[in-house]
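Working notes, beginning with the structure itself.
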Amino acid sequence: MLDGGNSRKWTRRSVTTNTQGRNKSGQCSDPRKLRQEILDVTVSTSATLNLNKIETSQYQQIQHFDIRQLIAQNKDLASLVTVIVFDTETTGFSRERDHIVEIALQDLQGGENSTFQTLVNPECRVLNSHIHGITTNMVNRPDVPRMEDLIPILLKYVKSRQKPGGCVLFVAHNARTFDVPFLCNAFRRCGVDIPSDWLFKDTLPMGREAMKSEGSKPSSRSISLQALREHLGIPLDGSAHRAMSDVKVLAAVFQRLTFMLKLPLASLVEDAFTASEIGTPKKKSSR
DNA sequence: CATGGAAAATACCACTCTGA
DNA sequence: TCAGAGTGGTATTTTCCATG
């Protein structure tokens with residue numbers, strides 16, 4: 001039924017034909033290439049002008065993009081990239097109103113001090129203790145670091161794991177829309193920039209891709225961290241929804257996914273995103 | 001509960017085929 | 001030649017799902 005009646009808004013679109021395929025009128029099918037083209041134009045036009053805020057952030061994106069490419073093209077990649085799996089527990093879903101209450105990291109290289117875990121004082125009540133078991137009393141104490149206390153320690157820890165001239169690839173499940181935005185906001189509130197050599201990789205699309213390549217039905221394709229863990233036969237070490245046990249699960253899941261999808265470190269780095277690419281909300285139609 | 005990306009559903013066009 | 005059904009392709013909108 002293509003009638004549609006009067007209740008639905010129809011939008012007239014330009015006439016299309018089936019002879020030109022997707023890339024008609026010179027459109028670029030690869031979003032990254034397209035972005036690069038757009039940015040190239042921005043940079044060349046802004047060369048004679050003062051850079052305003054938007055142009056500056058776009059210019060930063062180019063620099064990050066270049067870092068990713070440079071690193072990915074480097075033959076001795078393992079000596080440049082530090083892979084750190086991380087997970088955060090928060091007081092809720094809102095990145096504006098809610099705060100981090102626990103953070104855990106694991107450097108996949110292993111060795112001494114390869115893990116880092118701490119509770120974080122959110123300086124507000126914890127109303128979702130039933131999720132992770134972290135209560136207001138546990139974190140609202142003078143001996144639990146606030147985010148502004150923790151950031152310098154965190155930066156120092158990551159720096160200690162980082163290789164000279166290299167970058168850090170942070171891996172988290174649903175990183176793009178959860179952990180990284182929370183981290184960005186926490187840094188922003190403290191007036192600290194996330195280092196430009198920090199790259200992020202989300203295991204959620206990797207899980208989706210892996211399940212698809214296995215041919216499992218979309219309806220039975222749950223790609224939550226715990227579903228992936230069960231699917232891959234990874235034992236649960238500790239309780240779910242505590243940062244360090246989730247990190248341990250994710251570390252195993254991540255390594256299995258990279259193996260299943262045959263993803264070399266170079267492509268992981270190239271597909272990674274930066275903190276500057278987070279927090280620019282896309283316009284969404286009302287539902 | 002907030003948010004955004006992916007997948008699915010829907011809309012609509014050009015074109016082909018078929019029967020009268 | 002014409003009308004109508006069917007098909008293929010693309011654009012847009014809606015729904016689902018992941019995170020604490």
Side-chain angles (χ1 to χ4, degrees), chain A residues 1-25 27 29 31-32 85-104 119-120 122 124-136 138-139 170-186 200-213 216-231 239-247 249-250 253 257 271 273 277-287:
Chain A
M1 293 288 279
L2 299 180
D3 185 0
N6 301 322
S7 61
R8 186 175 286 281
K9 269 191 253 172
W10 283 2
T11 328
R12 285 275 156 202
R13 281 183 282 272
S14 58
V15 173
T16 59
T17 69
N18 59 2
T19 56
Q20 291 177 302
R22 250 177 207 283
N23 287 330
K24 60 185 189 309
S25 66
Q27 281 182 338
S29 64
R32 197 192 302 162
V85 175
F86 80 106
D87 186 56
T88 54
E89 305 301 318
T90 70
T91 57
F93 285 132
S94 172
R95 62 194 65 172
E96 294 303 325
R97 291 192 299 274
D98 292 313
H99 299 264
I100 294 171
V101 290
E102 188 180 38
I103 187 162
L119 291 172
V120 184
C124 65
R125 291 183 64 202
V126 181
L127 299 172
N128 62 341
S129 302
H130 60 285
I131 300 289
H132 38 54
I134 299 168
T135 62
T136 305
M138 286 167 70
V139 289
F170 287 92
V171 178
H173 199 62
N174 207 7
R176 188 176 281 279
T177 57
F178 191 79
D179 295 272
V180 177
F182 264 96
L183 202 63
C184 287
N185 273 6
F200 298 94
K201 181 73 184 168
D202 191 346
T203 51
L204 192 66
M206 290 172 70
R208 187 179 290 120
E209 191 64 31
M211 298 298 260
K212 206 195 291 179
S213 70
S216 55
K217 286 179 188 171
S219 55
S220 63
R221 250 186 237 154
S222 174
I223 46 172
S224 68
L225 181 58
Q226 293 312 317
L228 287 173
R229 180 188 64 73
E230 282 176 26
H231 183 77
S239 58
H241 290 311
R242 280 307 295 263
M244 187 45 86
S245 57
D246 278 0
V247 159
V249 168
L250 184 58
V253 167
L257 289 176
D271 288 343
F273 56 94
E277 290 165 25
I278 295 292
T280 47
K282 248 174 45 175
K283 268 192 179 175
K284 256 194 137 180
S285 57
S286 57
R287 292 188 188 174

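Order of the sequence lines sets the chain letters (A, B, ...), proteins ahead of strands, with each chain counted from 1. Everything numeric here is computed off the predicted structure, so don't read it as measured data.
Checking T91(A) against H99(A) by side-chain atom types alone, no donor-acceptor pair falls below 3.5 Å.
L183(A) has its side chain within reach of F200(A): a pair of non-hydrogen atoms, C-beta onward, lies under 4.5 Å apart.
An OP1 or OP2 oxygen of dA2(B) is reached within less than 4.0 angstrom by a side-chain nitrogen or oxygen of R97(A). Contact annotation: S222(A) does not reach the phosphate of dC17(C) (side-chain N/O to OP1 or OP2, under 4.0 Å).
In the set dG4(B), dT19(C), dG20(C), dG20(C) carries the atom at the smallest distance from any side-chain atom of H241(A). When the nucleotides dG5(B), dT3(B), dT19(C) are ranked by their closest atom to the side chain of R95(A), dT3(B) comes out on top. In this structure, the nucleotide among dG5(B), dG20(C), dA18(C) sitting nearest to the side chain of F93(A) is dG20(C). Distance from the side chain of R208(A) is smallest to dA7(B) among dG4(B), dG20(C), dA7(B).
Counting only distance, with no hydrogens or angles, the side chain of T136(A) and the backbone of V126(A) share a donor-acceptor pair below 3.5 Å. Put simply, the side chain of N185(A) gets close to the backbone of R95(A): a donor and an acceptor are under 3.5 Å apart.
Atom NE2 of H132(A) and atom P of dT19(C) are 14 Å apart (whole Å). Here the C1' atom of nucleotide dT19(C) and the CD1 atom of I131(A) are 10 Å apart, to the nearest Å. If you take CD1 of I103(A) and C1' of dG20(C), they are 14 Å apart, rounded to a whole angstrom. Across the protein-nucleic acid pair, N174(A) atom CG and dC16(C) atom P stand 18 Å apart, rounded to whole Å. Note: CZ (F86(A)) to C1' (dT19(C)) measures 12 Å, nearest angstrom. Distance CD (Q226(A)) to C1' (dC17(C)): 16 Å, rounded to an integer number of Å.
Using a 4.0 Å heavy-atom cutoff across all strands shown, T91(A) reaches no nucleic acid atom at all. Counting any heavy atom pair closer than 4.0 Å across all strands shown, D202(A) reaches no nucleic acid atom.
Applying the 5.5 angstrom centroid cut-off and the 30 degree plane-angle cut-off, the aromatic ring of F178(A) is not stacked upon the base of dT3(B).
To the nearest 0.5 Å, the span separating CD on E277(A) from CZ on R176(A) amounts to 6.5 Å.
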